[in-house]
Number of protein chains: 2
Amino acid sequence: MMINAGYLLLDTENLAGYLRGLGHWDDAPIEVREVSDGNLNRVFIASAPDGGRGLAVKQALPWVRVAGPSWPLSPDRADAEARAYRQVADVAPDVIPRLHGYDPDNHALTMEDMSDLKVLRTHLNEGGGYGDASVRIGEFSAGLAFATSDFGMPSEQRKALIAASANPELCKITEDVVLSEPYIEHEHNHWHPGLAELAAKVHADARLRTEVAALRHAFMSDAQALVHGDLHTGSIMVGTRDGAEVVRVFDPEFAFVGPVGFDLGVYWGNVLIAEARAQALGTVKDHAEQIAVSWDAFVSELRRRWPERVDTFFDDAYLDRFLRRVWTDALGFAGTEMIRRVIGYAHVGDLTTLPDPLPASRAVLLLGRALILGRDRLDGPGAIRELVDGLAVGTGAHR
Amino acid sequence: MMINAGYLLLDTENLAGYLRGLGHWDDAPIEVREVSDGNLNRVFIASAPDGGRGLAVKQALPWVRVAGPSWPLSPDRADAEARAYRQVADVAPDVIPRLHGYDPDNHALTMEDMSDLKVLRTHLNEGGGYGDASVRIGEFSAGLAFATSDFGMPSEQRKALIAASANPELCKITEDVVLSEPYIEHEHNHWHPGLAELAAKVHADARLRTEVAALRHAFMSDAQALVHGDLHTGSIMVGTRDGAEVVRVFDPEFAFVGPVGFDLGVYWGNVLIAEARAQALGTVKDHAEQIAVSWDAFVSELRRRWPERVDTFFDDAYLDRFLRRVWTDALGFAGTEMIRRVIGYAHVGDLTTLPDPLPASRAVLLLGRALILGRDRLDGPGAIRELVDGLAVGTGAHR
């Protein structure tokens, strides 16, 4: 299929020449394969035929990849992604892939080859454990929060960051697909036939809708710090290199200055979906524990950085209050992430590949709702643990 | 005093030629007088010798006018002011002065001559009443809030507004002079000698400091809607033209996208300072009533516009919640405005011109503190009325 995008659309045929033209590859032999996996973009891996790590090239198409040209989307999102990688590299260089170059004319990033690593979602679905992932995610989120909030960044510089990080088109996707469509009737939505009644209940749930409106407004107007914006388990890679655990956060094209709790919330939502899957399969469950692990890492890292804050008017008691708000927001956003993965547009393999997706999907939906409605009262990871233990996916005892 | 600013500094000698050069004035005779009154800028009125309304010219100096070149300040703030006038003109053209032109090279605005009107603060200090001012202020704030929030403005356009309205230098002044310095020891601060003990108590008040830190963080990161940013009674003009009441909001150079409650809060703080003055003088008091009047006008106007919202995911119940938040924020910001006018950098004639400023100043300080600490519990204008009636400035019965 050849469609004129107004720029060079990369494919397995032209990628070698492209990389050589940019000086990323010399005359050595090259093998190229496409590994596109996310919803939006094309990804290629170029490597030497004799093995070893090569390069990854990620190109933004002028539309949503999985939807095709009927859902146009500006490829300028690659600008946002390159900008986010550079901003995050200042804060947490060890937890993101190395960016070798960005080609704005063709909306393509040339990056570290991570094909030796595995997407965390896939790894978990195959029964793998988290290793250090939750600790790294908590630290990453805290590092980004500190460095790009009014705590760690001078006021004037932060106003420039907010302006430079405006990401209207990608934010709009989240505002629609995550933070409103699942709660109304919308053509994007779909669900397992056995969930029709529950979906109708969600659409009629005025109390839930108002709480989601509050979370949506926070997403749209709480300019607290730079966030990744899409930190689900499909945006994280894990593996081992030279005997050491490696965790990489990637795909930051949704990055913008928003509520700090958003990233943790999206991560927790997916962790709890993985928990529901594990319960359904009767496999070992260390998922819900990851909320405590990542939250503790987040809090510890933010407290560790706190004495370095540039604005000392923010006192220790205010940090406690801010942490409470991040916690509450994160629970709410976790809930919205869970609900949209069951009755919204983009579902997840964690649930869809289950022999019977229904009990786990119901449990995820109900737990998501409980998190949103109860987020002001759920006062710590222990309270979440109790909710999760009450899921009882395997027994069919959930309502 | 001739100091090279890098651009034409206007004065009463060169203003006529300046206006003629820009085509704002023809060959007709012209009289020029300087009427600079605010802290930051120079203002001139050009008029025909035979009277009638002329033109006002406001120029930003490269420093704070009342402090001189030792406190430099970018004259680009005039850009922010011209931009704000244009943005507000789209929303509430009748309540701001007409902008005839903006000269970015010389940081000068040519505007409606309002010398027939009176600054509301002066008018009140002379014993005048509010007339329609509080209704207009409530409507103005609601109109601006609706049109430039995620309720009234499409998401993508709003991201552009936030970026375009970044106002780092002027916001920093508020962050410092209003929202931190009065609560710490700082060379900018000064107070009536009789307040030394109370000022020391404020500086040692950890609970108050944490609450102000929360308000400060809201000011710095809650990008809810465009706000005027300095809506005290010295930024409002009142008078009569052709038998009709006229209210004008001016000096919007502090405008930025921030918490909606900020403007009402600054207004209320000054209204309550006027109340304390009236109590001290034993004059008629309709001041505290203005909180109810302006709040009712704000709520009515926002509810009137609500059905036109562009984003209908925000439901009626969320509007109620948002209004509650605006109310709470406004009380907090009112408190910070009151405290900074007594023990901060820029004091107000309402208090300083009293025969004995002490009792009223004490009352303002204590009421400001009560508003900040009690803002979550004070559930309506009636609760403020009770607090105000308890001031008892004239009797010395306040603690």
Side-chain angles (χ1 to χ4, degrees), chain A residues 149-151 153-176 179-181 183-184 186 206-207 209-225 256-260 311-322 325, chain B residues 74 149-151 153-176 179-181 183-184 206-207 209-225 256-260 311-322 325:
Chain A
S149 69
D150 283 306
F151 309 137
M153 184 177 276
S155 166
E156 188 153 350
Q157 199 180 329
R158 236 185 66 85
K159 269 78 169 173
L161 174 77
I162 292 172
S165 306
N167 198 355
E169 211 179 5
L170 282 272
C171 282
K172 186 73 167 69
I173 292 178
T174 304
E175 292 159 17
D176 291 347
L179 297 169
S180 63
E181 290 169 6
Y183 306 90
I184 58 177
H186 193 284
R207 195 168 139 235
R209 156 98 176 245
T210 301
E211 296 301 329
V212 175
L215 290 162
R216 187 162 185 265
H217 200 206
F219 181 87
M220 295 170 96
S221 60
D222 286 1
Q224 294 173 350
F256 74 110
V257 177
V260 166
D311 193 330
T312 53
F313 192 76
F314 295 112
D315 59 349
D316 292 352
Y318 183 66
L319 174 58
D320 292 341
R321 186 184 301 198
F322 180 74
R325 182 161 158 202
Chain B
S74 166
S149 68
D150 284 305
F151 309 137
M153 185 177 277
S155 167
E156 187 153 353
Q157 199 179 328
R158 237 184 66 86
K159 268 78 170 174
L161 174 77
I162 291 172
S165 306
N167 198 354
E169 213 179 5
L170 282 272
C171 282
K172 187 72 168 68
I173 292 179
T174 304
E175 291 159 17
D176 291 347
L179 297 170
S180 63
E181 290 170 6
Y183 305 91
I184 56 176
R207 197 169 137 231
R209 156 99 175 245
T210 301
E211 296 300 329
V212 175
L215 289 162
R216 186 163 185 265
H217 200 206
F219 181 87
M220 296 169 95
S221 60
D222 286 1
Q224 293 173 350
F256 74 111
V257 177
V260 165
D311 193 331
T312 53
F313 192 76
F314 294 113
D315 58 349
D316 292 352
Y318 184 67
L319 174 59
D320 292 341
R321 185 184 302 197
F322 180 74
R325 181 161 161 201

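In the text below, chain A, chain B and the rest are named by the order of the sequence lines, each starting its count at 1.
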Legend entry - Heavy-atom side-chain contact between A:Phe313 and A:Tyr318 under 4.5 Å: no
Inset, instruction - Under 4.5 Å heavy-atom distance to chain B, tell me which part of A:Ala160 shows up: side chain, backbone, both or neither. - result: neither
Inset, instruction - Give, as side chain, backbone, both or neither, the part of A:Val257 having an atom under 4.5 angstrom from any heavy atom of chain B. - result: neither
Legend entry - Part of A:Asp320 lying under 4.5 Å from any heavy atom of chain B: neither
Inset, instruction - Against chain B, work out which of A:Ser221, A:Pro259, A:Ala163 has the most heavy-atom pairs shorter than 4.5 Å and name it. - result: A:Ser221
Inset, instruction - Look at B:Glu175, B:Lys172, B:Glu169, B:Gln224 and state which one has the largest set of heavy-atom pairs under 4.5 Å with chain A. - result: B:Glu175
Legend entry - Residues in salt bridge (Lys or Arg N to Asp or Glu O under 4.0 Å) contact with A:Arg321, at least two apart in sequence or another chain: B:Glu211
Legend entry - chain B contact via A:Arg325 - side chain, backbone, both or neither, heavy atoms under 4.5 Å: side chain
Inset, instruction - Side chain from CB out, backbone as N, CA, C, O: work out which of these in A:Phe256 comes under 4.5 Å of a heavy atom of chain B, or both, or neither. - result: neither
Legend entry - B:Phe322/B:Phe151 aromatic ring centres below 6.0 Å: yes
Legend entry - Partner chain A: residue of B:Ser165, B:Ala166, B:Ala214 with the largest heavy-atom pair count (under 4.5 Å): B:Ala214
Inset, instruction - Could you grab the distance from atom CZ of B:Phe314 to atom CE of A:Met220, nearest 0.5 Å is fine? - result: 5.0 Å
Inset, instruction - Apply side-chain contact (heavy atoms from CB on, under 4.5 Å) to A:Ala164 and list each qualifying residue two or more places apart in sequence or on a separate chain. - result: none
Inset, instruction - Could you tell me which portion of A:Glu156 (side chain, backbone, both or neither) has an atom closer than 4.5 angstrom to a non-hydrogen atom of chain B? - result: both
Inset, instruction - Evaluate the side-chain proximity of A:Arg216 to A:Thr174: yes if any heavy-atom separation is below 4.5 Å, no if none is. - result: no
Legend entry - Check: B:Arg209 side chain, B:Ser180 main-chain N or O, donor-acceptor pair, under 3.5 Å: no
Legend entry - Winner by heavy-atom pair count (cut-off under 4.5 Å) against chain B, out of A:Pro154, A:Ala206, A:Ala317, A:Ala213: A:Ala213
Legend entry - Option in A:Arg158, A:Lys159, A:Gln157 with maximal non-hydrogen atom pairs under 4.5 Å from chain B: A:Lys159
